Undergrad: 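Before anything else, here's the structure in question.
Just so it is clear, the model here is predicted, and its values are computed rather than measured.
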Amino acid sequence: MLYNKYVWLFFLGSTVYMLYYSDYYKTVEKYFVNQYDSIVTLIKVTSDQEIRTKTGEILFTQNALKKYTTLESGLYLSILGQVFDVSSGAKHYGPGETYHVFTGCDGSAAFITGDFTASGLTDDVSSLTNKQIQSLINWVEFYRKTYVYKGKLIGRYYNKDGSPTIERHKLEERIQIAMKRDSIEEERKTRFPPCNVEWDATSGTRVWCSKNSGGVTRNWIGVPRMLYDNPGLKNYRCACIRLESKEYKENLGMIRVYDGCDENSTICMIKSTAA
């Protein structure tokens with residue numbers, strides 16, 4: 001039994017010795033060393049530099065984006081997590097110019113609020129309305145058409161691999177809501193076109209309807225009416241109403257005649273600045 005034990009120990013030692021000095025061991029060692037180096041490099045890249053993807057898109061860290069605030073390094077800004085090179089607009093974004101504060105960061109909220117302070121230049125747009133966020137999307141489209149798109153900013157709206165974050169998905173939902181509301185408003189404007197409005201300090205406000213009032217071309221004129229979004233609200237707008245239409249009959253509860261105006265007149269004089 002003791003003899004067998006020493007045989008096994010000799011065999012085990014020989015095996016370890018051969019593996020240690022064989023190419024196989026060197027291959028395994030090289031693999032793990034390379035993996036370690038890759039991890040260290042990735043940590044360095046994600047903290048200080050930008051990451052270039054296979055498609056040529058760049059993923060910027062906050063620190064990486066901060067470098068692009070000079071004419072020498074380039075002028076980059078981010079809006080809703082999308083990064084653009086605005087160097088060609090140096091007269092607006094260069095050092096000392098009005099919009100230089102936007103470079104090197106994501107100041108999305110300030111595009112709407114106009115607050116260019118450190119606290120106002122934030123990518124947090126949760127306090128904005130859906131309509132205001134839709135306006136921000138128009139800004140994004142402006143930058144895509146006017147300047148050079150570079151990539152994405154890692155953080156609130158995009159993950160380290162460039163995929164959208166939960167926050168980005170929420171933003172998209174709010175944009176869709178705003179677009180749907182726009183569609184409803186446009187349809188309502190077609191059914192109830194805005195009036196023409198003219199104000200005079202002496203005579204007051206004149207509202208009237210024509211076949212092209214409110215920019216809505218049609219083959220009927222209509223009469224001016226106060227149109228409310230809700231019967232319980234105080235705010236209204238002047239709309240041209242076709243009295244024989246189905247829409248008028250279905251929305252009687254939200255339509256009022258102007259005081260002192262003939263029900264069938266296409267022109268109404270209002271003795272106040274409100275139309």
Undergrad: Are any non-hydrogen side-chain atoms of Cys268 and Arg225 less than 4.5 angstrom apart?
TA: no
Undergrad: Quick one: NZ on Lys249 to CG on Leu243, what's the gap to the nearest 0.5 Å?
TA: 10.0 Å
Undergrad: Can you list everything that forms a side-chain hydrogen bond (donor to acceptor under 3.5 Å, both in side chains) with Thr190? Sequence neighbours excluded, please.
TA: none
Undergrad: Considering non-hydrogen atoms only, spot the tightest contact between Ser213 and Arg218 and give its length.
TA: OG-NH2, 2.7 Å
Undergrad: How long is the span from the CG atom in Asp200 to the CE atom in Met269, to the nearest 0.5 Å?
TA: 7.5 Å
Undergrad: Please determine whether the number of non-hydrogen atoms from other residues, nucleotides or ligands lying under 6.0 Å from atom CG of Asp161 exceeds 12.
TA: yes
Undergrad: Is the side chain of Thr165 donor-acceptor paired with the backbone N or O of Asn159 at a distance under 3.5 Å, no angle test?
TA: no
Undergrad: My understanding is that only residues two or more places apart in sequence, or in another chain, count here; which of them pass salt bridge (Lys or Arg N to Asp or Glu O under 4.0 Å) with Glu173?
TA: none
Undergrad: Same cluster for Leu252 and Val223 if Ile/Leu/Val/Met/Phe/Trp/Tyr side chains link at under 4.5 Å?
TA: yes
Undergrad: Other members of the hydrophobic cluster containing Trp220, with the 4.5 Å side-chain heavy-atom rule, please.
TA: none
Undergrad: Is there side-chain contact between Leu136 and Val140, with at least one heavy-atom pair below 4.5 Å?
TA: no
Undergrad: If you compare all heavy atoms of Cys105 against all heavy atoms of Val101, which two are closest, and at what distance to 0.1 Å?
TA: SG-O, 3.6 Å
Undergrad: Assess whether atom CD of Glu244 is packed by more than 12 heavy atoms of other residues, nucleotides or ligands within 6.0 Å.
TA: yes
Undergrad: Can you sort out the partners of Arg144 under salt bridge (Lys or Arg N to Asp or Glu O under 4.0 Å), two or more places apart, ordered by chain and number?
TA: none
Undergrad: Can you list everything that forms a salt bridge (Lys or Arg N to Asp or Glu O under 4.0 Å) with Asp85? Sequence neighbours excluded, please.
TA: none
Undergrad: Under 30°, 30 to 60°, or over 60°: which ring-plane class applies to Tyr236 and Tyr228, parallel, tilted or perpendicular?
TA: tilted
Undergrad: Is any side-chain heavy atom of Leu171 closer than 4.5 Å to a side-chain heavy atom of Glu167?
TA: no
Undergrad: Considering non-hydrogen atoms only, spot the tightest contact between Pro194 and Lys189 and give its length.
TA: CD-CG, 3.8 Å
Undergrad: Can you list everything that forms a side-chain hydrogen bond (donor to acceptor under 3.5 Å, both in side chains) with Ser119? Sequence neighbours excluded, please.
TA: Thr117
Undergrad: Starting at CZ of Arg206, measure out to CD1 of Ile270 and round the result to the nearest 0.5 Å.
TA: 11.5 Å
Undergrad: Using a 3.5 Å distance criterion without hydrogens, assess whether the side chain of Ser108 forms a donor-acceptor pair with backbone atoms of Leu80.
TA: yes
Undergrad: Using a 3.5 Å distance criterion without hydrogens, assess whether the side chain of Ser265 forms a donor-acceptor pair with backbone atoms of Asp262.
TA: no
Undergrad: Would you kindly confirm whether Val197 and Trp208 end up in one hydrophobic cluster when ILVMFWY residues are joined by side chain heavy atoms under 4.5 Å apart?
TA: no
Undergrad: What pairs meet the disulfide bond (SG atoms under 2.5 Å apart) rule with one or both residues in residues 166-210, with sequence neighbours excluded?
TA: Cys195-Cys238, Cys209-Cys240
Undergrad: Of all the heavy-atom pairs spanning Asn251 and Arg191, show the shortest one and how long it is.
TA: ND2-NH1, 3.8 Å
Undergrad: Is Asn138 atom CG crowded by more than 12 heavy atoms from other residues, nucleotides or ligands, each under 6.0 Å away?
TA: yes
Undergrad: Establish, from distance only, whether the side-chain atoms of Asn212 and Thr217 form a donor-acceptor pair under 3.5 Å.
TA: yes
Undergrad: Is there a donor-acceptor contact under 3.5 Å linking the side chains of Ser210 and Asn196?
TA: yes
Undergrad: Is Tyr68 reachable from Val86 through a run of I, L, V, M, F, W or Y residues, each pair having side-chain heavy atoms under 4.5 Å apart?
TA: no
Undergrad: List the atom pairs, donor and acceptor, that lie under 3.5 Å between side-chain atoms in residues 88-96 and the rest of the protein, sequence neighbours left out.
TA:
| unit_1 | atom_1 | unit_2 | atom_2 | d |
| --- | --- | --- | --- | --- |
| Tyr93 | OH | Tyr143 | OH | 2.6 |

Undergrad: Quick one: salt bridge (Lys or Arg N to Asp or Glu O under 4.0 Å) partners of Arg168, sequence neighbours excluded?
TA: Glu172
Undergrad: Any salt bridge (charged side-chain N to carboxylate O under 4.0 Å, His left out) pairs touching residues 127-138, not counting sequence neighbours?
TA: Lys131-Asp182
Undergrad: Quick check: does any side chain N or O of Thr103 sit under 3.5 Å from a backbone N or O of Leu75, one acting as donor and the other as acceptor?
TA: no
Undergrad: Quick one: are Asp115 and Thr122 in side-chain contact, heavy atoms under 4.5 Å?
TA: no
Undergrad: Identify every side-chain donor-acceptor pair in residues 146-155 under 3.5 Å, counting partners at least two apart or on other chains, and give the distances.
TA:
| unit_1 | atom_1 | unit_2 | atom_2 | d |
| --- | --- | --- | --- | --- |
| Thr146 | OG1 | Phe142 | O | 2.7 |
| Tyr149 | OH | Glu57 | OE2 | 2.6 |
| Tyr149 | OH | Gly151 | O | 3.4 |
| Lys152 | NZ | Glu57 | OE1 | 3.2 |
| Lys152 | NZ | Glu57 | OE2 | 2.7 |

Undergrad: What is the distance from atom CD of Gln176 to atom CE of Met179, rounded to the nearest 0.5 Å?
TA: 5.5 Å
Undergrad: State, with a plain yes or no, whether a side-chain heavy atom of Leu65 is found less than 4.5 Å away from one of Ser78.
TA: yes
Undergrad: Under 3.5 Å, is there a donor on one side chain and an acceptor on the other for Asn63 and Thr61?
TA: no
Undergrad: If a pair satisfies ring-ring contact (aromatic ring centres under 6.0 Å, His included) and one of its residues is in residues 152-195, list it, with sequence neighbours excluded.
TA: none
Undergrad: To the nearest 0.5 angstrom, please state how far the NZ atom of Lys160 sits from the CG atom of Leu59.
TA: 11.5 Å
Undergrad: With clusters defined by side-chain heavy atoms of hydrophobic residues (ILVMFWY) lying less than 4.5 Å apart, directly or transitively, does Ile267 cluster with Leu227?
TA: no
Undergrad: Cut-off 3.5 Å, side chains only: do Tyr76 and Glu50 have a donor facing an acceptor?
TA: no
Undergrad: Before you tell me yes or no, could you show the steps for Arg156 and Asp106 under side chain to side chain contact (heavy atoms under 4.5 Å, CB included), namely the whole-Å CA-CA distance, both residues' side-chain angles and the distance that decides it to 0.1 Å?
TA: CA-CA 10 Å; Arg156 185 180 297 274; Asp106 190 318; over 6 Å; no
Undergrad: Using the rule that two of Ile, Leu, Val, Met, Phe, Trp, Tyr join whenever any of their side-chain heavy atoms come within less than 4.5 Å, decide whether Phe102 and Ile112 are in one cluster.
TA: yes
Undergrad: Parallel, tilted or perpendicular: which describes the rings of Trp139 and Phe111, with under 30° parallel and over 60° perpendicular?
TA: tilted
Undergrad: Measure the spacing between CD1 of Ile58 and CZ of Arg52 and express it to the nearest 0.5 Å.
TA: 4.0 Å
